[in-house]
Every structure is written in C-alpha cells, then in structure tokens.
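Right, one structure below, let's go through it.
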There are 2 protein chains.
Amino acid sequence: MKQPLASTPRPDRTTSILQRRILDGWIEPGTLLAESAVARELGVSRVPVREALFALERDGLVEFSDTGRAYVKDLSPHAFEELYVLRLTLEPVAARLAAPGLRGDLSALEKNIEATGRAASLIKVTHLDLDFHELILAASGNARLLKLWRSLRNELELWLGRLHRSKEIQTRGTCEETVSTHRDLVECFRTQSAAVCERKMREHILGWREWLPVLPGKE
Amino acid sequence: MKQPLASTPRPDRTTSILQRRILDGWIEPGTLLAESAVARELGVSRVPVREALFALERDGLVEFSDTGRAYVKDLSPHAFEELYVLRLTLEPVAARLAAPGLRGDLSALEKNIEATGRAASLIKVTHLDLDFHELILAASGNARLLKLWRSLRNELELWLGRLHRSKEIQTRGTCEETVSTHRDLVECFRTQSAAVCERKMREHILGWREWLPVLPGKE
DNA sequence: CTTCACCAAACGGTATACCGTTGCGAGTTT
DNA sequence: AAACTCGCAACGGTATACCGTTTGGTGAAG
C-alpha cells in the first residue's frame, strides 16, 4: 500500500459547483453550456469554466459537439446499459483483488452499512450505496481501476438522480434491501475466498440491475 | 450501430505534439512540464498548453502534484501490473460483445494483420498490435468501454516505447508471433461462439504478458 | 407559404497581463 | 562546515481582450 490511493485530484470550486448543478438536475439534459454564459452565471472568467467543462467531459457529465460546444449529457437507455456492463465487468474483479486485504479490516464497510440503515432519504441511500462500492474499489489496491470506476460513478449518479426525480424508482424496502445485501457481501469478505467474493459481487450487480425500473429515455 | 463510435474528440495540435514527445521518450519521466516553458517551446500561449496538460493527465501520460504542477508520468512496475489487470478484464468482455457483429465483417482485422506482416520496425508492429485490439474494442458497440480502453492505450504505449528504447524487449519472432496469434483470433471470431472468443482473448492477453520481459523500474 | 441569402450576435480559440504563492538558492549565522 | 533565513525568480490561477467561425434569425425573392 502506498498513499491513500488517489484522493480526488484538486477540488476545483467551479467544477464542483457545475457538477452539483448537473447531478441535481438543475440543468436540463442537452442544454448548451456556453463558456461565457456559465462564466457570467458563476461570477468567474471563462478560463476556469473551460477547465471545468473539460473535467466534466472526462467524468461523462458533459459532451462536446464537433464544433467544440459543451452540452449537458443526454443519456440514452443504451448508454445506461453500457455503464451497467462496465460495472458488471469491473466490480467483481475489484472484489476479488480487494478480498485478501479486506478480510482483516471490514470496519469501513460496516460503518457504511450502519450509516445506510440510518439514512433518511432515498437519495442518501443511493450515495451511501455507491460509497460502499467505491470502498471496495479503493481496497482493490489498483489505483487505475478505481480511477475508471470513479469516471463511471458520476454518470451513474446522473441516471439515478433523474430516476429519483421522475419517481420511477421503487422506494419500498430499498434501504433494507441495500443494507441486507451489503451485509451479505461483508460476510462473504470475512469468511469466503476471493473467487467466491468475485462471484458474489457479480450477483449483487446483477440483482441491482434487476431492481431498477424499465429505463426511460428519448432514444 | 450509430455514429462511427467516437472518433478521437477534437484533435488538438498542442496536445498531440506533447503526447508524441512524451511517448517517443524525448522527455525524461518525472520532468516538470511548466506551462510557461512548454508554451515558449511550442510557440503558443499558456492556455492551449494548460488544456493539453489536462488532456494528457486524463490519458495517464502526465500527473499533477498537489500544488498543480504537471510532471511526465514515471511508471512503476506496479502501475504496469495495474494496466495489465485492466486489459485482462476489459478486452475479453469486448471480444464477447464484438463477436456477433464481427463474424460478418472481419476485413478490418484482416487488413490490420496484413499490414502487421509488412511492418518494418518493431515499434510499428506494436502500434498495429494495439490498433488490432482497438478495432475489437470499437466493434464491441460499447462506446464507454472503448473510451476506457483508449485511456489505457496511451499508458501502454508509454511503457512499450520505453522498453523498446531500453532494448529490453525481445524482437525475435515478434512480428510473426503477433500475426499468427491475431490470425487465430480472427479465425475464432469467424467460426466460434462469443463465449469462446472471450476465452480466446483472455488467453491472448495472458500470453502477451508472458512474452514481456521482467519489467524494469525504480520502484 | 416556402426557400434562400445575408447579417449581426454569440461562441470558442488563443494571446496577453496581473497577482498571490511556491520553491529554490544565495548569503549569513552558528 | 552545516544549518537556517531571507529574498527573488518562476510558476500556477485567473481576468481581460481580440479574432475567426459558427449560428440563428430576418427579410427578400420565388
């Protein structure tokens, strides 16, 4: 183990404000994010806005047209399936890699589960759910893998946020189910081999997909 | 199928020049890439340089210190193992996804193999090798997956370039072996199921790892 | 009513300028 | 001779300004 395995690089105020606005749905998908307009809006110059737009493109929240204009990403169900396939590919591997190191110290995961049980809102549960998975990615010891996953997380949050707002997500038993399946996973890490943990994580992701509603979308 | 599945976004002159210089080893690993100095060197202002440095960080060729300074990435053997694990994770999945669509049109892959057979230098073979794999990633139909892979490719080229220059890579039979294993893969795509193609790709990556020399590095 | 041509506003790309901070080396002290 | 300090040079962050291109709307022609 080396450093804390890549904390988010340099928290940029402009970027995080824009990110929040997009994730929270304050800006309609497909909206043009003109540098000048955003700069005026946020009270900064175009340069940090420019930087923020590039960072957000990397995180999949913004996409550029071939003429260099930035738009808030408009996700299609197909794009969601792509994300899902990647979760299903990366996370079981992360679970396998993380298993040996995790066996000895599951306190972080347990603390997360506890917090999930106390969570008041569904959106909070969602964030804690993703935090749980990110803890495992971080424990994998593969910084590049964690980096790839982080670049997917934002897009996932974008989707889940929209689902929540459109009330198309089922809230019944969500928290309890999350807590119990996560408990299963922790138990698996505590007692089972890495290969079993890998399979367990795969099943967990499969179950998560099943739990999601039919996906809306314009495409 | 939709668009050509994400051609490299907007080819930026400054970025590609810097990228080339790093990949070709003209700049020592760990070197500070000061915006002003690079800007003077390339005859542009700091703004495009800034943009280029961010893009290169995304591609894993540059890393920023916590004070915002950009350095040419200094790869450790551990970092290479991380990349290898990710190839081993992503590419078989890509092969499985690409298999159905590829069965009908293998001409691009065959053309690549033909070019590999005619390649003059080992470095050219390496590039064509990566091109071959990228064709499969692109054929997977998963744009996000392709994007992730592309973000790994640059780092791989960085490694392979350094290996070539340090003469620590075996050149004997490299070209022939690449051509023959790739031919196997194409034959697999032509006649076998997606699941078989996935396994075949996994074996191919495993073999590639085996073929690499013991990795040098300061860490 | 539709289509085309043209023009003005807006946008992105880039250069330049200013400022606070960092980092490094020279000079001094112990 | 080693360590500490002070100061300056250089860097990154950001604002502003200029230019070429794109875009969207308007008015005229078919």
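A, B, ... follow the sequence lines: proteins, then strands. Residue 1 opens every chain.
At a threshold of 4.5 Å between non-hydrogen side-chain atoms, the residues Arg87(A) and His133(A) count as touching.
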Step by step, would you call Phe80(B) with Leu156(B) a side-chain contact (heavy atoms from CB on, under 4.5 Å)?
CA-CA 8 Å; Phe80(B) 185 87; Leu156(B) 274 174; 4.2 Å; yes
Counting primed atoms plus P, OP1 and OP2 as sugar-phosphate and everything else as base, spell out the protein contacts along nucleotides 14-20 of chain D at 4.0 Å heavy-atom distance: B, S or - for each nucleotide, 5' to 3'.
BBBB---
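The CZ-P distance, from Arg69(B) to dC11(D), rounds to 7 Å in whole Å. Distance CZ (Phe64(B)) to C1' (dG12(D)): 10 Å, rounded to an integer number of Å. Atom OH in Tyr71(B) sits roughly 10 Å away from atom C1' in dC11(D) (whole-Å rounding). For the pair Glu63(A) CD and dG12(C) P, the interatomic distance rounds to 15 Å; values are reported in whole Å. Between Asp66(A) atom CG and dG12(C) atom P there is a gap of 13 Å when expressed in whole angstrom units. Distance, Leu32(A) CG to dT22(D) P: 16 Å, rounded to whole Å.
Surrounding CZ of Arg103(A) are more than 12 heavy atoms belonging to other residues, nucleotides or ligands, all under 6.0 Å away.
Partners of Glu157(B) under the side-chain hydrogen bond (donor to acceptor under 3.5 Å, both in side chains) rule, at least two apart in sequence or in another chain, are His127(B), Arg153(B).
Here the options are Leu152(B), Leu206(B), Thr89(B), the test is side chain to side chain contact (heavy atoms under 4.5 Å, CB included), and the partner is Tyr84(B); only Leu206(B) passes.
Phosphate proximity of dT22(C) to Thr67(B): absent, as no side-chain N or O sits under 4.0 Å from OP1 or OP2.
Taking the ring centre of Trp149(A) as origin, the terminal cationic atom of Arg144(A) falls outside the region bounded by 6.0 Å and 45° from the ring axis.
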